[in-house]
Visitor: 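Quick one: the structure is below, questions incoming.
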Number of protein chains: 4
Amino acid sequence: MIIVLKPIATRQDADEIIAQIASLGLKPLYMPGTERTVLGAIGDERVLAGLHLESHPLVERITPILTPYKLVSREMHPADTIVMVGGVPVGGKHFTVIAGPCAVESREQMLASAQAVKDAGAHCLRGGAYKPRSSPYSFQGLGVKGLHILHDASEKTGLPSATEVLEAADVGTVERWADAFQVGARNMQNFRLLTRLGQSQKPVILKRGMAATVEDLLLAAEYIIAEGNPNVILCERGIRTFETATRNTLDLNAIPYIKQHSHLPVVVDPSHGTGVREFVAPMAKAAVACGADGLLIEVHNNPKVALSDGKQSLYPDQFARLMRELRPFVEAAGRTL
Amino acid sequence: MIIVLKPIATRQDADEIIAQIASLGLKPLYMPGTERTVLGAIGDERVLAGLHLESHPLVERITPILTPYKLVSREMHPADTIVMVGGVPVGGKHFTVIAGPCAVESREQMLASAQAVKDAGAHCLRGGAYKPRSSPYSFQGLGVKGLHILHDASEKTGLPSATEVLEAADVGTVERWADAFQVGARNMQNFRLLTRLGQSQKPVILKRGMAATVEDLLLAAEYIIAEGNPNVILCERGIRTFETATRNTLDLNAIPYIKQHSHLPVVVDPSHGTGVREFVAPMAKAAVACGADGLLIEVHNNPKVALSDGKQSLYPDQFARLMRELRPFVEAAGRTL
Amino acid sequence: MIIVLKPIATRQDADEIIAQIASLGLKPLYMPGTERTVLGAIGDERVLAGLHLESHPLVERITPILTPYKLVSREMHPADTIVMVGGVPVGGKHFTVIAGPCAVESREQMLASAQAVKDAGAHCLRGGAYKPRSSPYSFQGLGVKGLHILHDASEKTGLPSATEVLEAADVGTVERWADAFQVGARNMQNFRLLTRLGQSQKPVILKRGMAATVEDLLLAAEYIIAEGNPNVILCERGIRTFETATRNTLDLNAIPYIKQHSHLPVVVDPSHGTGVREFVAPMAKAAVACGADGLLIEVHNNPKVALSDGKQSLYPDQFARLMRELRPFVEAAGRTL
Amino acid sequence: MIIVLKPIATRQDADEIIAQIASLGLKPLYMPGTERTVLGAIGDERVLAGLHLESHPLVERITPILTPYKLVSREMHPADTIVMVGGVPVGGKHFTVIAGPCAVESREQMLASAQAVKDAGAHCLRGGAYKPRSSPYSFQGLGVKGLHILHDASEKTGLPSATEVLEAADVGTVERWADAFQVGARNMQNFRLLTRLGQSQKPVILKRGMAATVEDLLLAAEYIIAEGNPNVILCERGIRTFETATRNTLDLNAIPYIKQHSHLPVVVDPSHGTGVREFVAPMAKAAVACGADGLLIEVHNNPKVALSDGKQSLYPDQFARLMRELRPFVEAAGRTL
């Protein structure tokens with residue numbers, strides 16, 4: 001850790017901090033400069049958190065040398081992690097497509113949508129039973145009944161299922177009925193939920209928050225793994241920027257960054273990432289090309305009447321075409337679909 | 001509501017949508033244009049949500065005429081709302097200062113900090129028992145024990161207390177020990193929590209999310225009020241932008257905007273809004289000047305050793321000076337401190 | 001155009017505006033609602049700009065139905081435009097790679113870099129003679145001497161050249177020595193420069209500004225074409241967001257959006273879009289996959305000593321590998337490299 | 001400067017860089033760590049720019065200790081700078097209001113607007129002769145004729161004038177007719193223009209770019225001062241964020257930040273900063289309260305017919321009221337109006 005002192009700090013101030021660093025077992029360094037004194041701390045700087053040096057009135061700023069996360073870091077774990085959802089691998093050579101409607105609306109809608117994505121070649125099924133909605137006047141999901149329907153659709157098609165969990169209290173119920181948890185963008189920093197999910201062994205698809213940096217996302221994954229559940233799949237789904245032409249700005253730069261810094265698999269959600277049906281296919285292909293391990297795609301048997309996110313849901317035939325068009329890109333990326 | 005059709009839409013397509021609008025009791029309008037046909041719907045357009053016109057494949061876009069919120073709207077409720085926290089009014093002519101440490105760390109720290117803010121003239125006390133932290137390796141708060149300490153500090157000083165609640169399951173406990181709930185930025189769209197808070201009658205200080213527009217904030221408040229709790233205090237605490245000189249970008253534009261569109265009181269948190277101790281006082285004054293109803297300020301009896309947010313916490317003497325310096329600004333704004 | 005009046009507007013106020021609309025030859029529409037009156041104007045609403053209705057004290061807001069640009073719009077010109085740079089097509093079936101160093105630093109450096117990109121299969125050469133730099137203490141480019149060197153490198157390799165032009169006064173000089181102009185992100189709204197470039201017939205590679213929406217970019221292109229130069233190539237190069245893991249956030253969503261709304265070719269600059277050498281290749285492939293017409297890539301014969309942007313410049317062998325790896329993606333996209 | 005090496009860097013790699021640092025007269029430091037080696041360079045690190053260490057393939061990242069600007073820095077020049085516009089001071093104890101229409105539209109409009117702001121107590125006059133507009137179909141300003149009108153209005157009212165200059169070629173003309181240059185947000189990084197303005201001695205009001213950090217703004221000011229013109233007035237006018245409720249997000253945090261880091265005066269433009277007439281007054285007061293040295297405000301004798309920015313222009317009586325209401329805030333801030 002590098003600690004830059006304010007110009008008014010004296011040699012004595014520096015010595016005091018140096019002593020604190022040494023007392024925690026790190027090797028301190030003293031670097032007097034022309035305009036400022038800089039201190040260093042060599043060793044596992046994470047133990048310095050207890051000193052709260054960033055609050056010290058004579059410290060101008062501190063610069064960590066190491067990443068604030070450990071367990072998700074590629075340095076600690078160089079090989080790619082493969083997470084199994086039901087029997088389906090996410091990560092490694094396989095490219096995995098998880099598809100289905102935004103929300104479970106009815107048995108008919110869910111079964112029809114599930115069959116459509118199965119026929120087109122999807123590997124897993126998605127469908128929301130609990131829906132977080134910006135307006136209290138919007139459809140909020142079918143709840144437990146939705147979980148049962150999703151489970152039936154999963155059994156009928158043989159596709160493992162993933163569904164959103166909204167709070168710690170629901171983890172047990174969701175765990176019973178689905179093969180993977182999904183944590184939505186609004187909950188990426190719901191630390192109670194993350195901690196509770198860390199006590200399960202079922203995989204967690206962790207979506208990046210709208211205002212979250214990639215480092216925030218990796219720290220959120222660290223919460224889950226630190227609690228004991230190593231089965232985390234990261235998901236890039238777009239961030240909020242000044243651009244309003246699309247619902248979000250899909251930050252595909254995050255894919256090579258995550259691949260460089262972490263061993264966890266990462267999938268892309270081009271449905272939320274664009275918010276526009278016509279842009280889902282090109283951005284899905286781009287996700288393949290830049291190294292993503294899979295896709296999360298909204299498909300509805302009849303988007304015209306979808307109760308949520310209809311504007312970004314693919315029609316079954318559009319999804320089938322996308323699956324065909326993806327194949328040469330997946331092969332160009334050296335993977336199998 | 002204004003519905004712009006795609007250029008390929010025919011007269012028959014338009015008629016179909018017009019019939020749907022009419023069937024819901026609204027008056028439809030047909031406006032054929034040179035390049036596109038535009039439809040209108042006159043009446044309470046919120047009932048149109050069920051049509052999901054935004055998902056219709058022939059609809060280019062829809063533009064609502066009315067705001068998506070009702071109960072928080074100034075049009076529905078022209079007079080300013082005054083919310084009582086314990087016996088302290090927020091809103092109206094009084095300018096209210098809520099101060100205290102970021103987290104309850106110990107009995108000594110909390111009591112000392114509480115006495116300091118009381119002596120300086122604060123009206124309410126803040127202190128976090130549950131702390132949401134980006135890293136699993138940071139201090140997570142004292143939990144229920146922290147609530148008890150906060151309650152004692154409140155009793156000893158006679159200042160009503162506000163504290164953060166993290167999830168629906170904790171609402172009952174927090175309600176017993178504190179005078180107001182605080183909903184943090186990360187939870188602004190935790191709709192389960194909002195709904196549960198709507199079933200209480202204690203005031204809720206609702207902080208704007210880092211990626212939330214002011215309209216998102218008003219919709220989140222609508223959740224609480226729609227459920228039955230009218231005692232909502234909005235809080236601007238900074239949004240996430242590209243600027244890294246400060247921890248967040250305090251969006252004071254939001255204050256006159258909220259005052260124009262809503263009857264709810266709004267306070268400003270310059271501690272999180274800047275993240276820098278030296279900038280808290282100038283931004284607190286700016287908040288007064290642009291029409292805020294109060295402030296939420298972090299004060300710690302010894303920020304140098306604070307377990308969280310020490311960098312932005314005021315020393316007791318800095319806070320006392322701020323309270324003195326605020327007075328002429330509060331008077332210039334036609335209010336009392 | 002849709003004009004929403006404030007609640008206080010009377011029937012007489014509405015009639016006044018209706019008369020103004022009619023006087024300009026558009027068909028006005030009157031839509032009294034429950035809470036607000038809405039007016040419409042049918043016809044080419046761009047003539048309404050002269051009324052400045054957005055400034056009218058009784059107008060709450062206006063919503064245009066048509067795009068503010070015309071000449072760049074795909075509606076006006078459905079077929080894809082192919083722009084020729086020297087003899088090289090940009091747009092259509094061909095996928096075009098423009099490569100070279102950020103700045104012309106010396107004859108040796110430029111010739112070596114040019115030969116390297118030629119050998120690897122690039123179609124055009126880039127190299128900056130005028131460099132806009134954030135700090136006055138950074139290298140500012142060789143100026144006219146740099147143009148001469150670039151021209152020599154272009155002649156020696158047979159690759160057409162593109163180079164940045166900083167202001168209207170330089171257009172004539174740059175036109176003499178290079179095959180295409182490049183307008184940098186900081187100059188995207190330098191309207192004097194755009195107007196002057198509109199008087200040339202040489203192609204213009206117009207880079208999106210860091211805070212520019214895609215619509216702003218299309219309007220900037222409209223400036224050039226409106227003045228008489230139809231040879232505009234758009235370039236996505238990343239926008240500024242809160243994410244600091246990469247230099248910019250490459251907004252690939254912009255590619256399908258531009259393809260839907262405009263007939264102009266669009267290329268991607270993954271070098272500036274990421275700012276990190278290791279991320280250039282994956283994002284270049286993503287650009288191919290989502291429908292871009294080409295790439296702008298920084299390659300330096302020795303990035304370790306580059307005077308600018310060395311961190312994001314490819315080594316010659318990295319670029320050669322990228323060209324090989326691009327081929328299957330280009331073929332998957334149904335194009336030729 | 002702190003240089004963090006990649007984990008793969010060897011002792012020999014470090015020694016090579018250490019030798020380079022020493023060869024430039026700085027004192028190098030070697031700090032081997034558990035996971036990475038860190039190097040330091042003590043002395044005026046700005047001379048290290050020539051090494052381009054950020055491009056070195058074995059360097060993970062570099063962290064400067066000193067600011068990249070010097071001349072604008074408060075460390076180099078602790079006392080506040082007061083810049084004279086005509087005979088009017090900007091900075092120091094006086095609070096300065098610069099007001100007038102967005103654009104010079106006609107002699108009548110300019111004279112009427114100028115008289116109105118003079119009567120209300122403004123200290124300087126603003127009015128644009130050259131208008132940069134996003135659309136080629138919008139009013140582009142009267143050019144030189146506008147400068148003549150502005151000059152007449154300045155003479156008639158005795159108020160010094162400020163007007164925007166768009167490119168280096170116009171500096172001489174603008175200098176002849178106006179008392180201060182204004183550099184618009186879109187031109188903040190037009191380095192040719194900045195350099196040319198550095199050769200004048202007339203004051204420059206430098207507006208922050210929409211995507212510019214405060215540090216970028218200070219570096220742009222450094223360009224002007226480095227060239228020989230110390231008379232720079234900074235201007236905060238809002239940045240582009242995801243919030244669309246207001247035209248821009250006025251970043252008042254920038255004011256205390258600039259005051260801490262620079263000796264230059266800084267004014268605020270609440271007209272562009274909000275884009276909404278009703279929000280100009282509250283944000284003007286907030287600017288006073290947080291320490292700004294003045295305001296730049298758009299006032300039009302008849303905003304309803306303004307050719308640009310009418311929506312955010314004050315009516316003369318609104319401006320007169322604002323001037324009256326500002327006084328107690330200015331006094332609370334310990335200044336005079």
Side-chain angles (χ1 to χ4, degrees), chain B residues 67 208-218 236 238-261 268 270 272-292 325-334, chain D residues 67 208-218 236 238-261 268 270 272-292 325-334:
Chain B
T67 59
R208 179 179 182 185
M210 283 199 296
T213 62
V214 179
E215 189 167 286
D216 291 334
L217 175 62
L218 292 173
E236 163 61 33
I239 56 174
R240 204 162 214 179
T241 71
F242 64 81
E243 178 58 79
T244 54
T246 45
R247 181 174 175 180
N248 290 291
T249 297
L250 189 67
D251 177 18
L252 290 182
N253 279 353
I255 306 305
Y257 184 91
I258 287 171
K259 285 289 166 195
Q260 189 180 67
H261 289 79
V268 169
H272 287 88
T274 64
V276 182
R277 185 179 296 133
E278 290 80 4
F279 303 166
V280 171
M283 299 315 288
K285 295 171 191 170
V288 173
C290 70
E325 291 178 3
L326 273 183
R327 193 169 301 277
F329 289 99
V330 171
E331 285 165 4
Chain D
T67 60
R208 180 178 180 185
M210 283 199 296
T213 62
V214 180
E215 189 166 285
D216 290 335
L217 174 63
L218 292 173
E236 163 61 34
I239 56 174
R240 204 161 214 179
T241 71
F242 63 82
E243 178 58 80
T244 53
T246 46
R247 182 175 175 181
N248 290 292
T249 297
L250 189 66
D251 177 16
L252 290 182
N253 278 354
I255 306 305
Y257 184 91
I258 288 171
K259 285 290 167 195
Q260 188 180 68
H261 289 79
V268 169
H272 286 87
T274 65
V276 182
R277 187 180 295 132
E278 289 81 4
F279 302 166
V280 171
M283 298 316 288
K285 294 170 191 170
V288 173
C290 69
E325 292 178 3
L326 272 183
R327 192 169 302 276
F329 289 98
V330 171
E331 285 166 4

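Proteins get letters first, then strands, A, B, ... in listed order; numbering begins at 1 in each.
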Visitor: Check the pair B/Phe279, D/Gln260 against side-chain contact (heavy atoms from CB on, under 4.5 Å), reporting the backbone distance first and the verdict last.
Guide: CA-CA 9 Å; B/Phe279 303 166; D/Gln260 188 180 68; 3.5 Å; yes
Visitor: Taking B/Glu278 first and then D/Lys259, would you say they form a salt bridge - that is, a charged N and a carboxylate O separated by under 4.0 Å?
Guide: no
Visitor: Under 4.5 Å, counting heavy-atom pairs only, tell me which of D/Cys290, D/Pro328, D/Ala254 racks up the most with chain B.
Guide: D/Cys290
Visitor: Please flag which part of B/Arg240 lies under 4.5 Å from any non-hydrogen atom of chain D: side chain, backbone, both or neither.
Guide: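 Answer is backbone: N, CA, C or O of B/Arg240 sit under 4.5 Å from chain D.
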Visitor: Pick from B/Ala333, B/Gly238, B/Gly291, B/Ala284: which one has the most heavy-atom pairs with chain D under 4.5 Å?
Guide: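 If we count pairs closer than 4.5 Å to chain D, B/Ala333 comes out on top.
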Visitor: Given heavy-atom pairs under 4.5 angstrom as the criterion, report whether the side chain, backbone, both or neither of B/Thr213 touches chain D.
Guide: both
Visitor: Flag the pair B/Leu252 / D/Leu250 as yes when at least one side-chain heavy-atom distance between them is below 4.5 Å, and no otherwise.
Guide: no
Visitor: Could you tell me the separation between the CD1 atom of D/Ile239 and the CD atom of B/Glu243, rounded to the nearest 0.5 Å?
Guide: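 Output value for this atom pair is 6.5 Å.
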Visitor: In terms of heavy-atom pairs under 4.5 Å, which option from D/Ala211, D/Ala287, D/Gly273 contacts chain B the most?
Guide: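 The option with the most such pairs is D/Ala211.
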Visitor: What's the spacing between D/Asp251 CG and B/Thr241 OG1 if we round to 0.5 Å?
Guide: 6.5 Å
Visitor: Heavy-atom distance under 4.5 Å to chain D: side chain of B/Thr246, backbone, both or neither?
Guide: side chain
Visitor: Keeping B/Asn253 on the side-chain end and D/Asn248 on the backbone end, is there a donor-acceptor pair under 3.5 Å?
Guide: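 It does hold such a pair.
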Visitor: Verify, without hydrogens or angle tests, whether D/Glu215 (side chain) and B/Ala245 (backbone) share a donor-acceptor contact under 3.5 angstrom.
Guide: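 No, D/Glu215 side chain to B/Ala245 backbone: no donor-acceptor pair under 3.5 Å.
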